[in-house]
Amino acid sequence: MKSKNFVVPPDFIGQTFEYKCQKEDAYRTFEIELEPSYEPYFGYDIKIPDDFIIDEKLNHTFKAICKCKSCKEYHIEFFLHVFSNMPIPRTLIQGPVSLGFGNNKTEKTEKKATIFIEKVGANPEIKIIPNKAITNYFDRETNIWYFKGINALDKNFGIGAFAYFRRIIEKELIHIIENIKLLPDSHTAEIQKLLDKHNENPKVSTIYENIFEHLPNSLKVLGDNPIKLLYNQTSNGLHSLTEKDCLEKAEKILKLLEFVVKKINEEKSEIKDLKETIKGLK
Ligand SMILES: [Zn+2]
């Protein structure tokens with residue numbers, strides 16, 4: 001039977017988690033493997049090898065190779081530090097045990113050592129790089145949600161990331177439409193009519209649907225209505241979604257949001273350029 005302890009590297013083999021496969025550009029299930037050099041430690045379950053103990057405490061760092069189960073090619077490497085806060089008995093008790101060793105026969109007082117696992121490094125290095133186009137576009141409050149959202153995404157907290165991105169859309173979508181309205185290629189008067197209607201009764205959501213034909217071409221290239229897609233993300237309940245669903249949705253919202261903001265910025269700078277050119281002609 002498989003031990004439930006996560007003490008030595010072989011204990012981690014076969015553990016799975018959700019992570020982003022860069023090859024497939026999607027969230028997939030990853031499974032932990034070890035390098036062949038750990039083979040001597042297989043079947044350790046009688047005694048913890050000395051290699052993993054410092055000053056009687058469990059203390060070691062090892063490399064976990066985490067492979068995408070879908071394409072079986074993309075993988076990342078984590079360095080995991082496993083340690084205990086107190087000395088632990090070398091001889092392990094059989095069977096699954098929670099994170100703690102108090103059943104040593106000679107010990108009367110139940111002093112349990114707790115085992116901790118922390119990620120100390122990753123390869124390729126995971127970096128959260130905020131998108132400047134986004135941070136320049138939104139105000140401070142929204143940027144705080146944005147930072148929290150991308151941080152949650154980086155740590156694979158799908159529900160957390162999704163919740164923050166939803167909040168951004170709820171607050172910003174009408175502002176985004178107001179900005180789009182001012183772009184040269186937009187049907188300004190038509191969008192204003194939709195906005196007026198919306199302001200009369202904000203609960204009616206027809207603006208998101210009806211704005212499509214009035215968008216500048218650069219925002220129509222998807223074939224789909226990006227504004228409506230963003231709005232739809234806020235109208236479904238969170239409760240029915242799994243962590244994995246949320247991860248995927250959060251990823252998509254972020255991409256879509258970046259696309260819309262980028263297009264708005266591009267069109268705006270185009271007017272600026274044009275104005276400069278005209279100035280030069282005068
Ligand atoms: Zn993959």
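Numbering of ligands and ligand atoms starts at 1, following listing order.
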The Zn ion (ligand 1) as vertex, arms to SG of C21 and SG of C71: angle to 10°? 110°
Can you measure from CD (E141) to CD1 (I168) and round to the nearest 0.5 angstrom? 10.0 Å
Restricting to N/O/S, name the atom of E24 that gets closest to the Zn ion (ligand 1). OE2
Separation of I191 CD1 from H187 NE2 (nearest 0.5 Å): 8.0 Å
Heteroatom test (N, O or S) for E73 near the Zn ion (ligand 1), limit 2.8 Å: no
Nearest atoms (heavy-atom pairs only) where Y19 meets F30: O-CE1, 3.3 Å
Which donor-acceptor pairs under 3.5 Å do side chains of residues 65-79 form with protein atoms, sequence neighbours excluded?
from, atom 1, to, atom 2, distance (Å)
S70, OG, E24, OE1, 2.7
S70, OG, E24, OE2, 3.3
S70, OG, R28, NE, 3.4
K72, NZ, K69, O, 3.3
E73, OE1, K23, NZ, 3.4
H75, ND1, E73, O, 3.4

